[in-house]
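Have a look at the structure below before the remarks.
In what follows, chains carry the letters A, B, and so on, assigned in the order in which the sequence lines appear, proteins first and then strands, with residues in each chain numbered from 1.
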Amino acid sequence: MELASTYNSVETEDKWYKYWMDQNLFHSEPDEREPYTVVIPPPNVTGVLHMGHMLNNTIQDILVRRARMMGKNACWVPGTDHASIATEAKVVNRLKTQGIDKADLTRDEFLGHAWDWTEEHGGIILEQLKKLGASCDWDRTCFTLDKERSESVIDTFVKLHEKGLIYRGVRMVNWDPDALTAVSDEEVVYKEVKSKLYYLNYNIEGEEGTVTIATTRPETILGDTAVCINPNDERFTHLKGKRVIVPLVNRSIPIIEDDYVDMEFGTGCLKITPAHDINDYEMGMRHNLESIDILNDDGTLSEKAQLFVGKDRFVVREEIIPELQKAGNVLKIEDYDNKVGCSERTGAVIEPKLSTQWFLKMTEMAKVALDAVMTDEVQFHPAKFKNVYRHWMENVKDWCISRQLYWGHRIPVYYLENGEFVVAKNDEEAVRLAKEKRGNDALTIADLRQEEDVLDTWASSWLWPISVFDGFNPEKNEIDYYYPTSDLVTGHDIIFFWVARMIMAGYEFKGTFPFKNVYFTGMVRDDQGRKMSKQLGNSPDPLDLIAKYGADGVRVGMLLCSPAGGDLLFDDSLTEQGRNFANKIWNAFRLVKGWEVDSSLPQPDSATKGIEWFSHKLNQTIEVVNDHFSKYRISDALMSVYTLFRDDFSSWYLEIVKPGYQQPIDEVTLKATIDNFDKILRLLHPFMPFISEEIWQLLEPRKEGESIMVAQMPEVTKVDEKLLANFELTKEAVAGVRNIRKQKNIANKEVIALSILDNDGSLDKTFIPILSKLANASEVNFVTEKVSGALSFMVKATEYYIPLGDLVDAEEEIKKLEEELKYQKGFLISVSKKLSNERFVNNAPEKVVAIEKQKQADAEAKIKAIEESIANLK
RNA sequence: GGGCGAUUAGCUCAGUUGGUUCAGAGCACUUGGUUUACACCCAAGGGGUCGGGGGUUCGACUCCCUCAUCGCCCA
């Protein structure tokens, strides 16, 4: 079979993904094995794959594939969430381009359009994940708005309400005037903007003189109901108990006193607008102030404002200044940088607004969820996020769960005509409860009015680890097998949105944690550390990357730059490195595959020893990889396998066992080599699923249905550290010979003779066949005296000589030796100094002192040998 | 303003309870290479006062204090 010298990822990857699907290898059913469960952080149903998903899902797939190969029953549940506000915004926009206004549609008509959108876009992102190699159990694909998940949401709402944890109240909420809905605190992003600070004079009532306030939002003066000073501010003692006049509307408002006012900021006088600022609202409550809501839901001014009615708040901000100037109220205007809250979804400037919403009490649930993490019942990786989590949990506020949208789970609250309400999971139940409540058996559903609002999307996402197994359905018991899940992989930016709330839901509804480990990924940025965004155009299209470098290459590239939790600076060169590595593996395979076997050949000693060494090296690496995985150091684990393949296997092992050009190989060595290759491929499979499968299938005849993805992960047998250390010395000796060849321009194919002076008898002679082969030595002999007329080098106390007669330059050799001598002497001094320090010898552990003594002895021996060599050359 | 974290090679980062000459890895860089698997490669090499200062200790990248700079979260 002719194999191309460059690996072709495109053909390979589609072929094997299809094979895995056809063989149903991703599917999991409960059985007697230990489960390993991961739920996907559901991507937004309208979204497309971006680099963050690539990273996230690469890591999940690595964990899942590895668990599967370690004999666990791995189940990775995929799905999407309905992203109520984002999707609704997209649907509204599309309707707009079709000339349809949302306001003209009934709820059901609108939902029809929203489902159409979902049908069109919903599957895209999951199909893209397949290109990456994601080994999700696609039979289990869920959607937060499908039947089972919806029932879960409604069911839990009813339960939480029964427990008294859900309440309805008037609160200051974050209002998105574009989406016309409340959003949670976590959905507000603060942006730095250049704005102005306006200094405005208010006339004091009944006397000459003015009070100056400073504000960034002059239009809100129309809703002012007080001016506040700090009671300790001596500048304003004369104002106590007086009243001022709001400009333009000429409303008389009181001057109040409150410690909240920062005497340093602005003028020290603060205007209070309880309806439009959270702090003012609280102050309004304390001082019994009137609340004047001057804004309509869409951000225009309402009748209550009296002026500029119907105009947008930003327009008014511009227009009110000339009016104020005309009235003589503007003192000055300064440039000012401040942070403005914007909607994460629509980008609109958020208005704090009083409105009636549904809330979920957080205090009790947060306490349980906090303890779970602080005691490591749920482990965070990296652990530094525990602090962030604690801070949020200790300051948690009740969760505003209602949204004024159509696309989502409609709140199961039914109002009666008298304003009372019942909470029920369906219409029948609602009617039954209403009858009970009112003592009126004639009530029908027509007498009830269901709440118009829907629930926050996270009210379904937080149930995800339970709801994907239909865990609220008492007739289903799969949950008992799969829950709690094992690992959650997610971005650290949604630690509050999602992770915290899933932990709360886990304890609340299942009595235990939803997952054992949380692996937080960083944010993917470009090579200059900028966030990837559409505007900057600095985000590569993941599918293009896969086409160009292969999914394996991209996976490796993602990992090479991804310390846990830290931001990662993505650069194409990393995926290129991944692709190059795949090519390297491919070519190693080409080499092995190209060998002709001759069963009559005996195995060379070098191969026997090489195979023995490599088995220990492999075991050692497996140990290291296991350790890395146990600490969720995924990129370190990859780097260990990468180094094993590139350095140990390719550069050393294959060179040791490789037969001469166009010569056959013996059977035993070939078998062992294929075996070793097989093991490395299995170690590699979680990281590079496609190429590992491709080569694994070609390496030996496989039966239909066999796959590396369900092969057993190699296990550690024994590691002989001494043997490994001796091989390292052999490597040094080989490098010594290569250096001399290079210095003297002796080609590798030219044989040399090698003499060894084993000064202290420490040399492991079993490695000599390897040294002989890799040094291309015609003979290796042992001597008891220094060899003159030869080039030499030392490895520990062992001296190596290459007799080269006229090529030897005594001057140069002496210089080289003297440099080494200088270093050794310096080293000896530092060690001796340490050992002559009584406090060190008395206080340091015995082991440490022994090591230092050994170093001293080694250095002394080496110095002696070097000095003799120098004398010999002179 | 409150809190958290960081600062180690040109870049991105390791460095696990203080202890081998322990200052490391990958990339980048320099030099050399038509070695018959691979130039998507191989070999060799340069490069850091571990942010500054102080302290604890026989011993500090590691622990403590302080200063500086940066980042993130929250208000």
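To the nearest whole angstrom, the two C1' atoms, one in C63(B) and one in C70(B), are 24 Å apart. Taking atom P in both C61(B) and G54(B), the straight-line distance is 14 Å, to the nearest Å. Between the P atoms of G32(B) and G24(B), the separation comes to 27 Å (whole Å). Across U12(B) and U7(B), the matching P atoms stand 12 Å from one another, rounded to whole Å. To the nearest whole angstrom, the two C1' atoms, one in G47(B) and one in G52(B), are 22 Å apart. Separation of the C1' atoms belonging to U62(B) and U34(B) is 50 Å when rounded to the nearest angstrom. Nucleotides G48(B) and C11(B), compared at atom C1', are 14 Å apart to the nearest Å. Taking atom P in both C64(B) and G18(B), one finds a spacing of 11 Å when rounded to whole Å.
Looking at which nucleotide of RNA chain B each of T643(A) and D636(A) is closest to, the 5′-most match is held by D636(A).
Side chains of D647(A) and W652(A): no donor on one and acceptor on the other come within 3.5 Å. Counted by atom type alone, T220(A) and K271(A) present one or more donor-acceptor pairs between their side chains at under 3.5 Å.
Figure legend. U62(B) is base-paired to no nucleotide; pairs are counted as Watson-Crick or G-U wobble with both atom distances under 3.5 Å. With a cut-off of 3.5 Å on both pairing distances, U36(B) has no Watson-Crick or G-U wobble partner at all. The nucleotide C50(B) finds no pairing partner, because no Watson-Crick or G-U wobble arrangement with both distances shorter than 3.5 Å includes it. Using the Watson-Crick or G-U wobble rule with both distances under 3.5 Å, C4(B) pairs with G71(B). Taking a pair to require two hydrogen-bonding distances under 3.5 Å in either a Watson-Crick or a G-U wobble arrangement, A43(B) pairs with U31(B).
By the 30° and 60° cut-offs, the orientation of the rings of Y642(A) relative to F581(A) is tilted.
What separates CG of N395(A) from P of C4(B) is a distance of 12 Å, to the nearest Å. With rounding to whole Å, K631(A) atom NZ is found 12 Å from U17(B) atom C1'. Here the C1' atom of nucleotide G33(B) and the CD1 atom of I746(A) are 16 Å apart, to the nearest Å. Rounded to whole angstrom, the span from the CZ atom of F385(A) across to the C1' atom of C74(B) amounts to 15 Å. The CH2-P distance, from W392(A) to A75(B), rounds to 11 Å in whole Å.
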*At under 4.0 Å between heavy atoms, which parts of nucleotides 36-44 of chain B does protein reach? Answer with one letter per nucleotide, 5' to 3': B base, S sugar-phosphate only, - none.*
BBB-BSSBS
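When distances are taken from the side chain of M639(A) to each of G26(B), G2(B), G5(B), the shortest belongs to G26(B). The K397(A) side chain lies nearest to A75(B) when the options are G5(B), C58(B), A75(B).
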*Step by step, would you call K853(A) with Q856(A) a side-chain hydrogen bond (donor to acceptor under 3.5 Å, both in side chains)?*
CA-CA 5 Å; K853(A) 281 187 175 155; Q856(A) 189 181 34; over 6 Å; no
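In this structure, F385(A) has its ring center closer than 6.0 angstrom to the ring center of F520(A).
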